[in-house]
Amino acid sequence: MTILDVEFVNGFIRMCNDGWLQGWHERNGGNLSYRLKPEEVENVKSFFHEPGEWKAIGTSVPALSGEYFMVTGSGKYFRNVILDPEDTTCIIELDEQGENYRILWGLRNGGRPTSELPSHLMNHEVKKLASNDTHRVIYHAHTTNVIALTFVLPLQDEVFTRELWEMATECPVVFPSGVGVVGWMVPGGRDIAVATSDLMKKYDVAIWAHHGMFVSGENFDLTFGLMHTVEKSAEILVKTLSMSPNKLQTITPQNFRDLAKDFNVTLPERFLYEKGE
Ligand code: 2HA
Ligand code: ZN
C-alpha cells in the first residue's frame, strides 16, 4: 500500500485531473485544498517525513489550529498532478496559533503550497464554522465563461446569481444561497483572502472578476459538481448573449418561487427582483 491508495489522496488527484480535462487549468492556473478528517490523518501519518520548517501562512486562521490539509503546490501544473502527485502536491500541518504551516509529505523536489494559501485557509476557516464542520474542500479554477461574463455584467451578487440561475433549472437547487462577486484585486495576498472569505460566510461560490472562481463543499464530488454547474450555466449565458442581447423567454421570479417550494430550498427574495424587461 502507498499513500496513493488512500481514498482522499486518490480523490484529490482525480479532481485535479478532472479540472485539467475541463480546460480550467492552463499552465499553473488554479489550486485545490482538502481539510483532512482526524481518522484520515491517522491513515497517512506513516507516510510523513521529518517535518519541514514552520513558515508563515501570511494570515491568521485560529479556528484551524492543528489541522492538516492536502494542497496543490505553487507554480505546479494541474495536468502533472496525476503523473507525479508527490512533486506537485503536499500535505501540511498548521501550528497551534493557526499562523504557520509545515510540510509533512510531498513537494519532493522543493517548493511551497499554492500562492493562494491565505484565501484557501481563510475560506476553510469560515466554512468550517458556517457548515458545522462539514465543508472540507476549497477549489479555485480559471473557468472561461464565468471570467468572460465579468467583462459584460455588473459585478453585483444579485445580477450574477439571477442570470446564472435563469440559465439552467438545476442552478437554484444546486446553489440556492447564490454567488458572490469581488471586483478585480491583486491575487495571492491577504486582502483578496479577506474579501473572498467574507463572501463565503453567505455563499458557497465566489467569483473573482477577470480571474476565476472559488467554491466550497463537503467532498470532492459536490465541490467539483458545483464548479461544473456554475461554469456550465455561464457557458449557456455566453451563448445566449452571443445570439441576442434579449431573451425571448426565461425562468420567471414566480417560476423560481414554485421551484423552491417543490424542491424544498430557500431562495432569497433579493435575487427575484423585477427586471423591467
Ligand atoms: O496558481 O491560479 O490565482 C495560480 C493561480 C493564482
Ligand atoms: Zn487563479
Side-chain angles (χ1 to χ4, degrees), residues 12-13 15-34 55-59 61 69-92 101 103 106-127 137-151 155 160 179-200 203-217 220 223-224 226-228 230-231 234-235:
F12 187 101
I13 296 166
M15 181 151 159
C16 289
N17 203 58
D18 285 345
W20 157 248
L21 293 174
Q22 289 296 326
W24 301 335
H25 299 286
E26 75 292 341
R27 205 172 180 277
N28 62 320
N31 21 78
L32 176 64
S33 64
Y34 174 74
K55 303 228 169 88
I57 295 165
T59 190
V61 284
F69 296 85
M70 183 165 183
V71 297
T72 47
S74 176
K76 300 296 183 179
Y77 291 26
F78 265 50
R79 68 187 282 260
N80 291 335
V81 169
I82 199 165
L83 298 178
D84 195 351
E86 200 173 352
D87 171 67
T88 48
T89 74
C90 61
I91 295 175
I92 59 170
Y101 72 86
I103 297 174
L107 289 174
R108 179 166 41 88
N109 302 305
R112 47 194 173 80
T114 168
S115 60
E116 303 294 359
L117 192 64
S119 280
H120 277 262
L121 293 180
M122 289 190 80
N123 288 342
H124 273 294
E125 185 178 49
V126 161
K127 282 303 186 186
V137 185
I138 299 287
Y139 181 32
H140 169 57
H142 294 177
T143 43
T144 315
N145 293 282
V146 162
I147 296 169
L149 289 174
T150 64
F151 294 92
L155 300 177
F160 268 81
V179 306
V181 188
V182 284
W184 188 87
M185 291 180 79
V186 176
R190 189 172 180 276
D191 290 351
I192 197 165
V194 170
T196 311
S197 60
D198 219 38
L199 291 177
M200 284 290 180
Y203 310 115
D204 293 336
V205 182
I207 292 171
W208 283 2
H210 324 323
H211 184 146
M213 227 191 313
F214 260 89
V215 297
S216 170
F220 296 120
T223 314
F224 187 84
L226 178 57
M227 184 73 82
H228 202 186
V230 176
E231 171 60 5
E235 182 181 350

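In this chain, numbering begins with 1 at the start of the sequence shown. Counting starts at 1 for both ligands and their atoms, in listed order. This is a predicted model, so every value here is computed, not measured.
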Trainee: Quick one: look up the protein heavy atom nearest atom 6 (C) of ligand 1 and list residue, atom name and how far away it is.
Mentor: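 For this ligand atom, the closest protein heavy atom is Glu116 OE2, 3.1 Å.
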Trainee: Under 3.5 Å between any N/O of Gly30 and any N/O of ligand 1: does that happen in this structure?
Mentor: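 Among all N and O atoms of Gly30, at least one is under 3.5 Å from an N or O of ligand 1.
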Trainee: Looking at CG of Leu149 and NE2 of His210, how far apart are the two atoms once the value is rounded to the nearest 0.5 Å?
Mentor: 11.5 Å
Trainee: Please could you name the atoms of ligand 1 that His211 approaches to less than 4.0 Å, counting only its heavy atoms?
Mentor: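 Per the distance check, 3 (O).
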Trainee: Would you mind listing which atoms of ligand 1 come within a distance below 4.0 Å of any non-hydrogen atom of His140?
Mentor: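 Taking each heavy atom of His140 in turn, ligand 1 has 2 (O), 3 (O) under 4.0 Å.
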Trainee: Side chains of His140 and Ser119: do they bring a donor and an acceptor to under 3.5 Å?
Mentor: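 The criterion, which ignores hydrogens and geometry beyond distance, is not satisfied for Ser119 and His140.
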Trainee: Which atom name does His140 have for its N/O/S atom nearest to the Zn ion (ligand 2)?
Mentor: NE2
Trainee: Answer with side chain, backbone, both or neither: which part of Thr114 has a heavy atom less than 4.0 angstrom from an atom of ligand 1?
Mentor: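 No part of Thr114 comes within reach of ligand 1.
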Trainee: What is the distance from atom CZ of Arg112 to atom NZ of Lys55, rounded to the nearest 0.5 Å?
Mentor: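 Here the rounded value is 9.0 Å.
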Trainee: Atom OG1 in Thr88, atom CG in Leu83: separation rounded to 0.5 Å?
Mentor: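 One gets 8.5 Å once the value is rounded to the nearest 0.5 Å.
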Trainee: Rounded to 10 degrees, what angle sits at the Zn ion (ligand 2) between His211 NE2 and His142 NE2?
Mentor: 100°
Trainee: Which heavy atom of the protein is the closest neighbour of atom 4 (C) of ligand 1, given with residue, atom name and distance?
Mentor: Asn28 O, 3.3 Å
Trainee: In this structure, which one of His120, Glu116, His25, Lys76 forms a side chain to side chain donor-acceptor pair (under 3.5 Å) with Asn31?
Mentor: His120
Trainee: Answer yes or no: does atom CG of Asp84 have more than 12 heavy-atom neighbours from other residues, nucleotides or ligands under 6.0 Å?
Mentor: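 Yes, CG of Asp84 has more than 12 neighbouring heavy atoms, counting only those of other groups under 6.0 Å.
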